[in-house]
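Starting from 1, each residue takes its place in the sequence as its number. When a ligand or atom number is given, it counts from 1 through the structure's own listing order.
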Amino acid sequence: MIDEGRQGEALIVEGNPTGSKKLYLESYGCQMNFSDSEVVAAIMNENGYSTTRNVEEADIVLINTCSIRDNAEARVRHRLGDFKKKKAENPHLVVGILGCMAERLKKSLLEEEKLVDIVAGPDAYRDLPNLVEEVGTGQKAVNVLLSRDETYADISPVRLDQGGITAFVTIMRGCDNMCSFCVVPFTRGRERSRDPHTIVNECRDLFKKGYREVTLLGQNVDSYRWNMTSKGEIKDETQPTTNFAQLMEMVALVSPDLRVRFSTSHPKDMTDDVLEIMAKYENICEYIHLPVQSGNTEVLYRMNRGYSREWYLERIDAIKRIIPDCAISTDVISGFCGETEEEHQDTLSLMDKVKYDFAYMFKYSERPKTLAERRFKDDVPDETKGRRLTEIINKQTQHSLDSNRAQLGKIQKVLVEGPSRKSEEHFCGRNTRNSMVVFPKGDVQKGEYVLVKITDCTSATLLGEVVERCQPNF
Ligand code: SAM
Ligand code: SF4
């Protein structure tokens, strides 16, 4: 997930946008959605729109939405109410809804509640200029068709990150996993991987523009494959094949000064060859996000996750064996259908075993059309879900604090990202383990690597002092 503080962030293009019409583009949800918004901005730019952060001067408002949990949808619906008022004041304002809510709610948003003029699903962004034109002729415009091959591979995204130091690069779209709680396979369609050469070229281009970190994005990066079927058969014998480990190596070779991260790994698919490539390259960060969801095998079975508690713990052992200092984070869901107190205790005991450095933690939220909605009862009372979530959060806060305390006194390489949120006098940046490090600015520059001695911490942040500036390797 993306930082809570950035939910609803409006995208603005740097430089000197030439378009005469103004687009206000707001994004919600996961990194993938924020990355998609950059593709949308690129398509709209090509068609004469420049972005604005001021909704008052917008000709068109686009909201890139998330359906993962009920509260994500509620937040967007509330926001749509604000835009409805703006539309009443300015009838020429066009409002469009993009992303995961588009497919799910097209009928109600367009016809019943009359909140929007355009509905475009995650595979329909190339069609946006046509949809805008259709609205110009007085019609409502919809395209929620899901594609088997759209990867937007040829579109050079307009970057959301203003400072130009870290960027998301989408390497695959959709998901074939059908975890029983999850709406993503329905809203984003079948899994497909992007041509590796377009990925490497995008990363090379980003590096030339001053970016120093890329995060390779997919719902299940371990099943990335190019020129191979899901059964491992080669599609075109005359062309090379590429798996995720090979792709990561290709990106790591762009420059030793370009850090590589990725998200998300799936425990059932994460293989040792990926871990070995991580160990081989200093610029592939020592950090893995490995969502567990539950520590109980029966619950995992009901979730259709494809692994057991034992399998998951074996994968954790493999990470610790091959990359001993690797930071590990996870996602946990509390109160999934039928979860007993004992099953919940298994999640807590698994957390004690793994000692995650960081976690995203959620109450189960039933989603329409999913396997869980059809097969199971959402029978854990909300109060119990909340209490269990609090227990999970309390445990994680302690583990995060322990993890950060273990860094005290160490000297770590940090990529300087920009001013810290809380103080003009401080910079912040991440170490290889993805922890945020805050330190006095001194005379270092954004985009530089520095060695920082860690002197203090909270459960969320490390504090330190720069002891050396690193020389570039290029
Ligand atoms: N593809 C990734 C994976 O398999 O871990 C993550 C996808 S999802 C965008 C991010 C997280 O949201 C999931 O790992 C899960 O913990 C949480 N999530 C998904 N559906 C949920 C639901 N119905 N209720 C609560 N949390 C949910
Ligand atoms: Fe959803 Fe599971 Fe696919 Fe992740 S792997 S997007 S949780 S179905």
Chemist: Protein N, O or S atoms less than 2.8 Å from atom 1 (Fe) of ligand 2, ignoring waters?
Modeler: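 Metal shell, protein only: Cys182 SG.
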
Chemist: For ligand 1, is there an N or O atom under 3.5 Å from any N or O atom of Arg305?
Modeler: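 Yes, there is a polar N/O contact under 3.5 Å.
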
Chemist: Give a yes or no on whether the backbone of Gln239 and the side-chain of Asn227 come within a donor-acceptor separation of less than 3.5 Å.
Modeler: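 Yes, the answer is positive, given that a donor and an acceptor are paired below the 3.5 Å cut-off.
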
Chemist: For Tyr287, check ring-ring contact (aromatic ring centres under 6.0 Å, His included) against everything at least two apart and list the hits.
Modeler: none

Chemist: Determine the minimum heavy-atom distance between Val438 and Ser420, stating which atoms define it.
Modeler: CG1-CB, 4.1 Å

Chemist: Does atom CD (Glu383) have a neighbourhood of more than 12 heavy atoms from anything else shown, all under 6.0 Å?
Modeler: no

Chemist: Does CD in Glu276 sit with more than 12 non-hydrogen atoms of other residues, nucleotides or ligands closer than 6.0 Å?
Modeler: yes

Chemist: When only distance counts, is Phe181 in polar contact with ligand 1, meaning an N/O pair under 3.5 Å?
Modeler: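 Phe181 vs ligand 1: N/O contact under 3.5 Å present.
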
Chemist: Give a yes or no answer on whether the side chain of Arg259 reaches the backbone of Ala252 with a donor-acceptor pair at less than 3.5 Å.
Modeler: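 No: the side chain of Arg259 does not pair with the backbone of Ala252.
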
Chemist: Tell me whether ligand 1 is touched by Asn220 - counting only heavy atoms on the residue side and a distance under 4.0 Å.
Modeler: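 No; Asn220 lies far enough from ligand 1 that no heavy-atom distance drops under 4.0 Å.
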
Chemist: Take a 6.0 Å sphere around NZ of Lys320 and say whether it holds more than 12 heavy atoms from other residues, nucleotides or ligands.
Modeler: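 More than 12 within 6.0 Å, yes.
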
Chemist: With a cut-off of 4.0 Å, which atoms of ligand 1 are near a heavy atom of Lys363?
Modeler: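 By the 4.0 Å cutoff, the relevant atoms are 24 (N), 25 (C).
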
Chemist: Heavy-atom contact under 4.0 Å between Arg305 and ligand 2?
Modeler: yes

Chemist: Just by distance, no angles: are the side chains of Ser403 and Asp357 close enough, under 3.5 Å, to form a donor-acceptor pair?
Modeler: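 Looking only at side-chain atoms, Asp357 and Ser403 do form a donor-acceptor pair, the distance falling under 3.5 Å.
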
Chemist: What are the atoms of ligand 1, with element, lying closer than 4.0 Å to any heavy atom of Arg69?
Modeler: 12 (O), 17 (C), 18 (N), 24 (N), 25 (C), 26 (N), 27 (C)

Chemist: May I ask you to check whether Ser265 has an N/O atom sitting below 3.5 Å from an N/O atom of ligand 1?
Modeler: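 No.
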
Chemist: For Thr151 versus Ser193, what's the shortest heavy-atom pair and its separation?
Modeler: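 Between these two residues, the closest heavy atoms are CG2-O, 3.7 Å.
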
Chemist: What atoms of ligand 2 come closer than 4.0 angstrom to any heavy atom of His266?
Modeler: 5 (S)

Chemist: So is there a nitrogen or oxygen of Tyr364 less than 3.5 Å from a nitrogen or oxygen in ligand 1?
Modeler: no

Chemist: For atom 10 (C) of ligand 1, state which one of Val332, Asp331, Thr330, Asn33 supplies the nearest heavy atom.
Modeler: Asp331

Chemist: Should one rank Gly335, Pro291, Cys179 by closest heavy-atom distance to atom 5 (O) of ligand 1, which comes out on top?
Modeler: Pro291

Chemist: Does an N or O anywhere in His266 fall below 3.5 Å from an N or O of ligand 1?
Modeler: no

Chemist: Heavy-atom distances under 4.0 Å are what count here, so tell me which part of Ile68 touches ligand 1: side chain, backbone, both or neither.
Modeler: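 Both of them.
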
Chemist: With distance as the sole test, does Asn64 use its side chain to make a donor-acceptor pair with the main-chain N or O of Asn33 at under 3.5 Å?
Modeler: yes

Chemist: Does Phe244 form a ring-ring contact (aromatic ring centres under 6.0 Å, His included) with Phe262? I'd like the steps, not just the answer.
Modeler: CA-CA 10 Å; Phe244 181 57; Phe262 54 92; 5.4 Å; yes

Chemist: Within the 4.0 Å heavy-atom shell around Gln293, which atoms of ligand 1 are there?
Modeler: 5 (O), 13 (C), 14 (O), 15 (C), 16 (O)

Chemist: Please check if the side chain of Ser435 supplies one atom and the backbone of Asn431 the other of a donor-acceptor pair under 3.5 Å.
Modeler: no

Chemist: Which is it for His289 and Phe358 under the ring-ring contact (aromatic ring centres under 6.0 Å, His included) test, yes or no, and what are the steps along the way?
Modeler: CA-CA 9 Å; His289 183 60; Phe358 184 80; 8.1 Å; no

Chemist: Examine Gln219 against ligand 1 and note whether any of their N/O atoms are separated by less than 3.5 Å.
Modeler: yes

